[in-house]
Amino acid sequence: MSRILAVDDDKDILEALQLVLEDYGYEVNTLADGHQLFDMINKEQPDLILMDIMLNGLDGRDLCKHVKLNDKTHSIPVIMISASHNVGDVLKQECAPDDFLAKPFDISMLINKIQRQLVA
């Protein structure tokens, strides 16, 4: 069973993601505070990270960059999600995420993107 870490400061979104992804057979951990990202990664060792760009005072793009530059975490696929950013801009950044999904998103599109990253 693949482990997914969902990071978003909106607890309703985290709850919805957890319910949907668990229905698809994933083990899901959620995190509402990006400051604890690396503690949670070390504790849960996720196979994939779903992360919002706007994280209550933090920028998920910066957190993604730290994940991708860290020797211990660089191979964990990161899918960024956001309602307010351009897909092209996010995927062109230094240490870009592996994929991007705009909010609101279709559940089947989310599952397809997750499956593609876990198979890669």
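These values consider heavy atoms only, across backbone and side chains, with no hydrogens, waters or symmetry-generated copies. These numbers were taken from a predicted model, which means no experiment stands behind them.
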- prompt: Which distance, rounded to the nearest 0.5 Å, do you find between the CG of Leu37 and the CG of Asp62?
  reply: 12.0 Å

Heavy-atom pair of closest approach, residues Lys11 and Ala32: CE-CB, 4.1 Å

- prompt: Shortest non-hydrogen contact from Tyr26 to Gln115?
  reply: OH-CG, 3.4 Å

task: Rounded to the nearest 0.5 Å, what's the gap from NZ on Lys43 to CD on Gln36? Could you check?
output: 10.0 Å

Partner of Leu50 by side-chain contact (heavy atoms from CB on, under 4.5 Å), out of Val7, Leu21, Ile13: Leu21

- prompt: Is there a path from Val20 to Leu14 through hydrophobic residues (I, L, V, M, F, W, Y) whose side chains come within less than 4.5 Å of each other?
  reply: no

query: Under 4.5 Å between any side-chain heavy atoms of Asp59 and Met54, yes or no?
result: no

field: Whether Arg3 side chain and Gln45 backbone form a donor-acceptor pair below 3.5 Å
entry: yes

message: With rounding to the nearest 0.5 angstrom, report the CD1 to CG distance, Ile4 to Asn29.
response: 10.0 Å

query: Should Glu44 and Leu5 count as side-chain neighbours, where that means a heavy-atom distance under 4.5 Å?
result: no

- prompt: How far apart are the closest heavy atoms of Phe100 and Ile81, and which atoms are they?
  reply: CE1-C, 4.5 Å

task: May I ask you to test the Ile41-Pro46 pair for a side-chain heavy-atom distance under 4.5 Å?
output: yes

query: Charged N to carboxylate O under 4.0 angstrom, Lys113 versus Asp98?
result: no

message: If I take atom CG from residue Asp47 and atom CE from residue Met1, how far apart are they, to the nearest 0.5 angstrom?
response: 11.0 Å

- request: Measure the shortest side-chain to side-chain distance between Asp52 and Asp9 over non-hydrogen atoms and say whether it is less than 4.5 angstrom.
  value: yes

message: Rounded to the nearest 0.5 Å, what separates atom CZ in Arg61 from atom CE in Met51?
response: 11.5 Å

- prompt: Within a radius of less than 6.0 Å around CG of Asp33, do more than 12 heavy atoms belonging to other residues, nucleotides or ligands occur?
  reply: yes

query: Hey, are Asp8 and Lys103 close enough for a salt bridge, meaning a charged N less than 4.0 Å from a carboxylate O?
result: yes

message: Counting C-beta onward and ignoring hydrogens, is there a side-chain heavy-atom pair between Leu63 and Ile49 closer than 4.5 Å?
response: no

- prompt: Taking atom CE of Met80 and atom SG of Cys64, what is their separation to the nearest 0.5 Å?
  reply: 5.5 Å

- prompt: Looking only at atom types and distance, does a side-chain atom of Asn112 sit under 3.5 Å from a main-chain N or O of Ser108, one as donor and one as acceptor?
  reply: yes

query: So, does His74 use its side chain to make a donor-acceptor pair with the main chain of Asp71 at under 3.5 Å?
result: yes

message: How close do Thr30 and Met40 get, counting heavy atoms only, and between which atoms?
response: O-CE, 3.6 Å

message: So for atom CD, which belongs to Glu15, do other residues, nucleotides or ligands contribute more than 12 heavy atoms lying within a distance under 6.0 Å?
response: no

message: Quick one, Leu110 and Leu17 - any side-chain contact, counting heavy atoms below 4.5 Å?
response: yes

query: Does a side-chain heavy-atom distance below 4.5 Å link Ile107 with Tyr24?
result: yes

